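Written out below as structure tokens is the structure these notes cover.
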Amino acid sequence: MLPLAPWLAWVIPFLGSLFVPAFFKAGKRVGEVYSVAVAFLAAAFSLSMIPDVYGGKYSQVIRVPWIPLGGDRFIEASLLVDPLSVLMASIATGIGSLIVLYSVGYMAHEEGLPRYYFYMLFFIGGMTLLVMSENLLMLYIGWEIVGLCSYGLISFYNKKPEANHAGIKAFVTTRIGDASMLVGILILFALFGTFSYGHLSESIAEGLRTGAVSASFLVIPLLLLFGGAVGKSAQFPLHVWLPDAMEGPTPVSALIHAATMVKAGVYLVARMIYTVIPFEEFPPVLFADWYLVVATLAGFTAFFAATMGLVSNDIKRVIAYSTISQLGLMLAALGMGSETGLFGGTFHLLSHSIFKALLFLAAGAVIHAVHTNNLDEMGGLRKSMPITFWTSTVGILSLSGVPLFSGFWSKDLVIESSLQAPNIPVYLFITGASILTVAYSLRWLYKVFLAPPSNGHHNHVHEAPKVMTIPLIILAALSVFIGVTGPFFEEEFHHYLGLHGEIGVSLTTYASTAAILALGGGLGYLYYLGGVRDPAAVRQSGLGAGLHKLLENRYYIDAFYYRVFVNGLDRLGSIIYRFIEVKVIDGFNYFLSRATVAFVQVFRSIQTGESNINISGLILGLAILLLLLLRVFFGVS
């Protein structure tokens, strides 16, 4: 590895972000070149660590004293260099650097570029810190940094009320999960006196052996940590922020969905399984409730989000619902508590990072050309944007799990893990989500590129500039490479992670994949590619209209949240305000005024208005005052 790579992989984008405004003052092009150079330099340091951890042969913990606890005790700043951390750092910086390069073309005519590139580099640095950390405290710092950056970037177009609202929605919603996660971290620290993954694993093992701690109790902090993953990885019921996050610039969407924020939740669960409660040492039956919650909630989310992807007409929101669904597949596989699930979830994380970045950047190229997000206002772009079309096709085939493309191999392992468990409800959720994925992916491809052009639109559409198409070509090539080399890449990646069990896919899984492609592809052909049935006819039928309205309104979950937690709290706040203002503050003021009036009324009767009485009272008062002075100063009694 390059010298100090574990530190510099995240320090370089961190510190580099601080100098972005200064370089932009020297010129727009200077600032852009500087930002791209910083991102690629961070990627070089991350990628340089891969040979050192290949095959699990190298796992280094770097510790330095950080926060004194008294005496010789410190909370340490510690980094972990192992296959999982290096993989995630390489994704964050590698794909992140391609997205920053793409931004040069996409954001060329936007205002506020110093702010944009500052947040992008800071975001990459925060995510890399999160995944390189060897303790929960440093991970949590990185966790909050990516949350802050997501707020700044989602609401980048701060003159648009929708963008500001989306940024606040993302920030507030993920805070719920973050609060849960923080409580879980503090419980573990209170129990074991450490934030370190390695020390936690050792302490848990010792506690279970001696009976000092029970596995059933440990499920509580583990579920609280999973709450953080639910928020960051947009799982039900905290999924509502992610579709609205599409208000940010498209490269931001790609960075959040492919390389950084939403993968943090998947990484956290994987890190717990790889390091803190590895199933080789802690049989999954010990934490069966935790695994069951993770798998079931994630499997349900995968299907639930896929249904909404069927009806969205925003080019980016369709991919956003896909992200929620695919994150559900990864977490469901991890929740199986097996090596197949662990490997399948991690493999799908890698392949998804590539093809989802590809799809978002392709969507950005289309938006850049046609200046709309509405799928109904697109169509006919295949000839005018050939590079974007063919790279998008690679992304769609990978997302759908078509053989010889990357998603096929990783998705099969996810399905296989649910069959091995066996967990039939999760298997049904996964297969149902996968069928819908093929259908809405083909719908997306058809409406953007293959449908007849919308009226009076795209007369002068042309391909995106090279600075935008080069990242598309690189990402498409990676997806094809993983797909074509399939079994070889799978074996090598399995070896890279240091896993040693047998990894195989049963005939049942292959049959499931064939059925998924047949059913999903059939729906896509029937309603879109083949034009056999008119989708509008379904939407206008009785049952179809009701179902379409339900999906279009996101199952009314957003409406429920707004009514209860926004409007409801506003009304509650108004009631509380009126009670405090009217009953307490105004009531106290009126009480004082009435008491003052009553007090004055008591003494008012002695005021007659006659001068003789007034003068007599004045003389009497002076006499009393004089006697008091004589007593005090001269002792006269």
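Everything numeric here is computed off the predicted structure, so don't read it as measured data.
- The structure places OH of Tyr267 at 10.5 Å from CH2 of Trp143, a figure rounded to the nearest 0.5 Å.
- Ring geometry for Trp10 against Phe14 counts as perpendicular: the plane angle is over 60°, on a 0 to 90° scale with 30° as the lower cut.
- Residues Val467 and Tyr102 are not in side-chain contact: their nearest non-hydrogen atoms beyond the backbone lie 4.5 Å or more apart.
- The CD1 atom of Ile319 lies 12.5 Å from the CD1 atom of Ile324; values are rounded to the nearest 0.5 Å.
- Looking at every heavy atom in both residues, Ala264 comes nearest to Leu130 through CB-CD1, 3.9 Å.
- Atom CH2 of Trp390 sits in a sparse spot, with 12 or fewer heavy atoms from other residues, nucleotides or ligands closer than 6.0 Å.
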> Is there a side chain to side chain contact (heavy atoms under 4.5 Å, CB included) between Phe347 and Leu342 once you walk through the steps?
Replying inline: CA-CA 9 Å; Phe347 189 7; Leu342 183 60; over 6 Å; no
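- Between Glu463 and Thr469, the side chains place no donor N or O within less than 3.5 Å of an acceptor N or O (distance only, hydrogens not considered).
- In this structure, a donor-acceptor pair under 3.5 Å is absent between the side chains of Glu162 and Tyr157.
- For Lys25, the NZ atom sits in a loose shell: 12 or fewer heavy atoms of surrounding residues, nucleotides or ligands are nearer than 6.0 Å.
- Ring pair Tyr274/Tyr197: centre-to-centre distance not below 6.0 Å.
- Residues Leu80 and Met132 fail the side-chain proximity criterion, which asks for heavy atoms closer than 4.5 Å.
- In this structure, Arg317 forms no cation-pi arrangement with Tyr321, as its terminal cationic atom is not both closer than 6.0 Å to the ring centre and no more than 45° off the ring axis.
- Panel note: side chain Asp244, backbone Ala166; no donor-acceptor pair is recorded below 3.5 Å.
- Of the candidates Tyr140, Phe74, Phe189, Phe189 is the only one forming a ring-ring contact (aromatic ring centres under 6.0 Å, His included) with Phe195.
- Annotation for Arg73: atom CZ does not count as buried by contact number, only 12 or fewer foreign heavy atoms lying within 6.0 Å.
- Across all non-hydrogen atoms, the minimal contact from Ser233 to Leu331 is CB-CD1, 4.4 Å.
- The number of heavy-atom neighbours closer than 6.0 Å to CD of Glu280, taken from other residues, nucleotides and ligands shown, is above 12.
- Side chains of Lys356 and Ser322: a donor on one and an acceptor on the other come within 3.5 Å.
- Using modelled atom types, one side-chain atom of Lys316 and one backbone atom of Met246 make a donor-acceptor pair closer than 3.5 Å.
- Classification of Arg271 and Glu134 as a salt-bridged pair fails, no side-chain N sitting under 4.0 Å from a carboxylate O.
- Atom CG in Leu15 sits 10.0 Å away from atom CZ in Phe122 (nearest 0.5 Å).
- Across Phe192 and Ser203, no two heavy atoms sit closer than the pair CD2-CB, 3.5 Å.
- In this structure, Tyr54 has its ring center closer than 6.0 angstrom to the ring center of His495.
- Of all heavy-atom pairs between Leu47 and Pro51, the closest is O-CD, 3.8 Å.
- Rounded to the nearest 0.5 Å, atoms OG1 (Thr323) and CD1 (Ile256) are 10.5 Å apart.
- Using a 4.5 Å heavy-atom threshold, the side chains of Met107 and Leu113 count as touching.
- There is no side-chain donor-acceptor pair under 3.5 Å between Glu247 and Ser155.
- Contact of the Val61 side chain with the Leu79 side chain is not registered, since no non-hydrogen atoms from C-beta on lie closer than 4.5 Å.
- Considering CG of Leu478 and CD1 of Ile473, their distance stands at 12.0 Å, rounded to 0.5 Å.
- Residues Tyr117 and Ser17 have side chains not in contact (no heavy-atom distance under 4.5 Å, counting atoms from C-beta outward).
- The line from CE of Met88 to OG1 of Thr93 is 10.5 Å long, rounded to the nearest 0.5 Å.
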>> Between Lys159 and Glu111, does the salt bridge (charged side-chain N to carboxylate O under 4.0 Å, His left out) criterion hold? Intermediate values first, please.
In response: CA-CA 11 Å; Lys159 294 179 182 178; Glu111 298 177 352; 3.7 Å; yes
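- What you find for Thr391 and Ala476 is that their closest heavy atoms are CG2-CB, 3.8 Å.
- Counting heavy atoms from C-beta on, the side chains of Ile99 and Val252 never come closer than 4.5 Å.
- By the 6.0 Å contact criterion, NE2 on His165 is enclosed, its count of non-hydrogen atoms from other residues, nucleotides or ligands being greater than 12.
- Aromatic ring centres of Phe19 and Tyr34: separated by at least 6.0 Å.
- Between the side chains of Glu492 and Tyr496, no donor-acceptor pair of N or O atoms lies under 3.5 Å.
- For Lys28, the NZ atom sits in a packed shell: over 12 heavy atoms of surrounding residues, nucleotides or ligands are nearer than 6.0 Å.
- Using cut-offs of 30° and 60° on the angle between ring planes, the pair His348 and His352 is tilted.
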> Would Thr174 and Leu238 satisfy side chain to side chain contact (heavy atoms under 4.5 Å, CB included), going step by step from the backbone distance to the final call?
Replying inline: CA-CA 7 Å; Thr174 55; Leu238 300 182; over 6 Å; no
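- Side chains of Ser351 and Ser406: a donor-acceptor N/O pair is absent below 3.5 angstrom, by distance only.
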> Hey, mind stepping through His494 and His500 against side chain to side chain contact (heavy atoms under 4.5 Å, CB included) and telling me if it holds?
Replying inline: CA-CA 8 Å; His494 187 253; His500 307 292; 5.7 Å; no
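- A 4.5 Å side-chain heavy-atom check between Asn135 and His199 finds every atom pair outside the cut-off.
- Between Phe360 and His257, the ring center distance clears the sub-6.0 Å criterion.
- In this structure, the side chains of Ile185 and Leu137 stay at 4.5 Å or more apart for every pair of heavy atoms.
- Separation of the Tyr119 and Phe123 ring centroids does not fall under the 6.0 Å cut-off.
- Counting only N and O atoms by type, the side chains of Ser417 and Thr340 include no donor and acceptor under 3.5 Å apart.
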>> Under the criterion side chain to side chain contact (heavy atoms under 4.5 Å, CB included), I'd like the reasoning laid out for Val33 against Phe23: C-alpha separation, chi angles, the key distance, then a yes or no.
In response: CA-CA 9 Å; Val33 170; Phe23 278 88; over 6 Å; no
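- In plain terms, the two heavy atoms of Ile145 and Gly126 that are nearest each other are CG2-CA, 3.8 Å.
- Between Phe493 and Phe343, the distance from one ring center to the other falls under 6.0 angstrom.
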